[in-house]
Chemist: 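The structure under discussion is supplied below as structure tokens; questions concerning it will follow.
Throughout, numbering of the chain's residues begins at 1 and tracks the sequence.
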Amino acid sequence: GGGTATKDSTSLVEGKETTEPAPLQHLGRSYGTVSVATSSIPKDWHGQTPKKLLEDHCRKQKMPAPKFSNLPHSKGACKLVLQKKKGDNQPFIIEHPGPFYSFNDAQHYLATEALYELSPSLPLYRLMPPIFRTIWMTWQDEEKAKQMAEMSEEQDRNDADVQALVG
């Protein structure tokens, strides 16, 4: 017989070493509010931009400046790497596959997300353009809803425990 040996494709993956930590893929947040048709910052906007706020935050915290890069083979996909200190080998990484209206928009978007992760209690969204303010508030609402759900689940478990003890 003329049998052909088939190579196991998983062995290729195992040999690949990754030194970079896995990116925080969107951190599970929803992204329905980003427009790909128009720029997300109005032309007449004179306030702060998320990217500028993030740069200021890093400077105040004595952190290295945030690094934004385009992800290859994509429409506006973006990656943000934040180091807590120089030479930090466990940087904070966020990636977003897009699509975005522009690379600029992608940077503002990831900056908003990074600020939310770094200091969710600060009302930084008040300084941001409307779309990013909305996104920030959406995330806050989602988190509140999640906390409420977790609290009621815990209450249900406690009730079940009490029932088990009583019954």
Chemist: Between Lys84 and Met63, which heavy-atom pair has the shortest distance, and what is it?
Modeler: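 For Lys84 versus Met63, the nearest heavy atoms are O-CG, 3.2 Å.
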Chemist: Side chains of Leu54 and Leu110: closer than 4.5 Å at any heavy-atom pair?
Modeler: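 Side chain of Leu54 against side chain of Leu110, heavy atoms only: no contact under 4.5 Å found.
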Chemist: How far apart are the closest heavy atoms of Pro50 and Ile41, and which atoms are they?
Modeler: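 Pro50 and Ile41 have their closest heavy atoms at CD-CD1, 4.4 Å.
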Chemist: I need the minimum non-hydrogen distance between Pro91 and Gln83, along with the two atoms involved.
Modeler: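 Minimum heavy-atom contact is CB-CG, 4.0 Å.
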Chemist: Can you list the steps and then say if Lys60 with Asp56 is a salt bridge (charged side-chain N to carboxylate O under 4.0 Å, His left out)?
Modeler: CA-CA 6 Å; Lys60 282 180 200 145; Asp56 291 349; 5.5 Å; no
Chemist: Just verifying a value: how many Å separate Cys78 SG and His96 NE2, rounded to the nearest 0.5 Å?
Modeler: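 Interatomic distance, Cys78 SG to His96 NE2, rounded to 0.5 Å: 10.0 Å.
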Chemist: I want to check something: taking the side chain as every heavy atom from C-beta on, are Glu113 and Leu80 in contact at a cut-off of under 4.5 Å?
Modeler: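 No; the side chains remain at least 4.5 Å from each other.
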Chemist: Return the minimal non-hydrogen interatomic distance between Pro66 and Leu82, and the atom names on each side.
Modeler: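 Answer, listing the atom of Pro66 first, then Leu82: CB-CD2, 3.4 Å.
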Chemist: Under 3.5 Å, side chain of Asp105 to main-chain N/O of Ser40, donor-acceptor pair present?
Modeler: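 Yes; judged by distance alone, with no hydrogens or angles, the pair exists.
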Chemist: So, do Gln140 and Pro120 sit near enough that their side-chain heavy atoms are less than 4.5 Å apart?
Modeler: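 Side-chain contact under 4.5 Å: no.
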Chemist: How long is the span from the NE2 atom in His108 to the OG atom in Ser102, to the nearest 0.5 Å?
Modeler: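 It is 7.5 Å, given to the nearest 0.5 Å.
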Chemist: Report, one line per pair, each donor and acceptor closer than 3.5 Å where one atom sits in a side chain of residues 123-133; sequence neighbours left out.
Modeler:
from: Arg133; atom 1: NE; to: Met128; atom 2: O; distance (Å): 3.2
from: Arg133; atom 1: NH2; to: Met128; atom 2: O; distance (Å): 2.9

Chemist: Using distance only, find each side-chain donor-acceptor pair of residues 151-167 under 3.5 Å and give its atom names and separation, not counting sequence neighbours.
Modeler:
from: Ser152; atom 1: OG; to: Ala149; atom 2: O; distance (Å): 3.0
from: Gln155; atom 1: NE2; to: Asp159; atom 2: OD1; distance (Å): 3.1

Chemist: Using 0.5 Å steps for rounding, measure from the OG atom of Ser119 to the CD atom of Gln61.
Modeler: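 So the OG of Ser119 and the CD of Gln61 are separated by 8.0 Å.
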Chemist: Which of parallel (below 30°), tilted (30 to 60°) and perpendicular (above 60°) describes Trp139 and Tyr109?
Modeler: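 Aromatic pair Trp139/Tyr109 classed perpendicular.
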Chemist: Determine whether Phe92 and Leu115 fall in the same hydrophobic cluster, where Ile, Leu, Val, Met, Phe, Trp and Tyr are linked whenever their side-chain heavy atoms lie under 4.5 Å apart.
Modeler: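 Phe92 and Leu115: one cluster.
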Chemist: Identify, with sequence neighbours excluded, every residue that meets side-chain contact (heavy atoms from CB on, under 4.5 Å) alongside Lys146.
Modeler: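 side-chain contact (heavy atoms from CB on, under 4.5 Å) check on Lys146 returns Glu150.
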Chemist: To the nearest 0.5 Å, what is the distance between OG1 (Thr112) and CH2 (Trp136)?
Modeler: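 Reported to 0.5 Å precision, the distance equals 8.0 Å.
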Chemist: Work out which heavy atom in Phe100 is nearest to a heavy atom in Ala106; give both atom names and the distance.
Modeler: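 Nearest pair, atom of Phe100 first, then Ala106: CD1-CB, 3.4 Å.
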